[in-house]
2 protein chains.
Amino acid sequence: MKELHTTTLADQAEEKIIGYIKENHLVPGDALPNEMQFSEMMGISRNVVREAMSRLRMLGLIESRTKRGIIVTEPPLLNGFKKVLDPQLLSIETIKDMMGMRIALEVGITDFIFTNITDNDIKELYEIVARQKALGINSLSAEDEIKFHLKIYQIAGNQFILKFQELMHPIFSFSEQNHENYFKPISQRLKKENKIVTHADILEFIKKGDREGYRKAISMHLQPYLEFLYNYQHK
Amino acid sequence: MKELHTTTLADQAEEKIIGYIKENHLVPGDALPNEMQFSEMMGISRNVVREAMSRLRMLGLIESRTKRGIIVTEPPLLNGFKKVLDPQLLSIETIKDMMGMRIALEVGITDFIFTNITDNDIKELYEIVARQKALGINSLSAEDEIKFHLKIYQIAGNQFILKFQELMHPIFSFSEQNHENYFKPISQRLKKENKIVTHADILEFIKKGDREGYRKAISMHLQPYLEFLYNYQHK
DNA sequence: TCACTACATTTGTCCTACAAATAGGTATTA
DNA sequence: TAATACCTATTTGTAGGACAAATGTAGTGA
């Protein structure tokens, strides 16, 4: 774990401020020393302290207001994660890993879904599926595709997972478009082999209360991603 | 989604630099304009640009070296996530959500495990379990508890999930300690009802190649967390 | 051609200054 | 006395200048 590039004073200041919060057991709402005090405590310029503070402010660990000073806040967990999710910047390997995570999550929330689901949820799912069917099997709009899965995640009732999934989604749609000539043959083959699992199929398992069936169905539904992550070779 | 506090110039600069990377389709290795150029482009002082750069550098989106300038890098996805994972700062609701995620992930990677596992992996798991047994059922050391699950995640072969799990783990052990008087009764009750699923039990399902059995077993093994997240009421 | 040197550029750090916001105290008034 | 209006001191946000350190680059000499 050694540093490739020398750590700057801003890096050190950041660590010390985080350390200060932990050591003094500060909790959201508590005040931090102001910039000048940190500057003097560490023997560095205020500019550098500000760089560190700016980082923590971006992560949502602190908020600062004129005169009032700086206060600790409960950080939104995924502030930083959101900013680095640019498909242009991520390697294929990383995107594969994210697809794996998506599959694991969507299969893994099965029990939560069956625990939490209400009749009204099922009704809403039927509406989404009906709208898709009305548009015809071939014009499966991306919008309704998203809506169905989004609803599934909402039913699971875990805000963290929901947010996480929403953030990852653009990566997948980008990848599907970018590797269209890879995904299309997979879909066509599955169709020929009659292995396509539609949202309507999945919904039936939910209605019947068949967890194992649902798990297998959602897994098959995500099969294209699975094949991508196991088989795709970068040029 | 409206802003509670006025966005600072540093916030805007950060957005613009990220925007610059996206619009110009920069990829890791490409160079960015230097600080003065950004400063002039945006009509703001170099200090502010540096604050924004400092944030991006922390996230791992860029690296900068004297004279060479600033280059785009492939960001480690979880740099920011890691820094906000302080159990002292997170609400019970957030921690519950994280536990839910942990359960979903560990159940959800079942298929990956059974796809990837080798005889050698099984052997290693047996060694971990044997060491636990040798120490006696009551002195189930936290270390071996961690090792078993860590090995499971390694077998799944997804670096992102592995890293994610490693980062979340301290939150769980903190929570177990912090709410010890909540977790202990659950364990005792499960023991009385003979519903304790040990690592040895789990391992048997792996050996037999019984996915469904494994899924149920790992789920039962994580039952205390599940009960916590469903039942725990904050004072 | 190659090694060495000098130079120019760019980041990292420090300093000073001031505007804007505002908490907290003070004076004023009903 | 109590409520209100005003003042002042403090603190963040922003600007701009300065210089050290690092290092690519060009130029020099063998």
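Throughout, a chain's letter reflects where its sequence line sits, starting with A, and its residues are numbered from 1.
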Residue B/Asn34, side-chain heavy atoms: nucleotide from D/dG16, C/dT10, D/dG13 that is nearest: C/dT10
Closest to side chain of A/Ser64, choosing from C/dC14, D/dT12, C/dT11: D/dT12
Using atom [atom1] of [X] as one end and atom [atom2] of [N] as the other, report the distance to the nearest whole Å.
| X | N | atom1 | atom2 | answer |
| --- | --- | --- | --- | --- |
| A/Ile44 | C/dT13 | CD1 | P | 9 Å |
| B/Ile70 | D/dG24 | CD1 | C1' | 16 Å |
| B/Arg68 | C/dT10 | CZ | C1' | 13 Å |
| A/Met53 | D/dT11 | CE | P | 13 Å |
| B/Met42 | D/dT14 | CE | P | 13 Å |
| A/Glu35 | C/dC15 | CD | P | 15 Å |
| B/Glu51 | C/dT13 | CD | C1' | 14 Å |
| A/Met36 | C/dC15 | CE | C1' | 10 Å |

Contact nearer the 5' end of DNA chain C, comparing B/Lys67 with A/Lys67: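 So the residue in question is B/Lys67.
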Touch class at under 4.0 angstrom, heavy-atom based, for A/Arg46 against every strand present: base
Lys/Arg N to Asp/Glu carboxylate O, B/Glu51 vs A/Arg50, below 4.0 Å: yes
Check ion pair B/Glu127-B/Arg131 (N to O, under 4.0 angstrom):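 Not counted as a salt bridge, because no side-chain N and carboxylate O are separated by less than 4.0 Å.
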A/Thr66 or B/Thr66, whichever maps to the more 5' nucleotide of DNA chain D: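 So the residue in question is A/Thr66.
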Phosphate contact (C/dG12 OP1 or OP2) by B/Arg50 side-chain N/O below 4.0 Å: yes
Distance below 4.0 Å between B/Arg57 side-chain N/O and C/dG12 OP1 or OP2: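 Looking at the OP1 and OP2 atoms of C/dG12, one of them is under 4.0 Å from a side-chain N or O of B/Arg57.
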Pair of N/O donor and acceptor under 3.5 Å linking C/dG12 base with A/Asn47 side chain: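 No.
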Rounded distance (nearest 0.5 Å) linking atom CG of A/Leu85 with atom CE of A/Met98: 4.5 Å
Spacing of CD belonging to B/Glu124 relative to CD1 belonging to B/Ile155, to within rounding of 0.5 Å: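 It comes to 8.0 Å.
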Where A/Met53 and A/Ile70 come nearest, the two heavy atoms and their spacing: CE-CD1, 3.5 Å
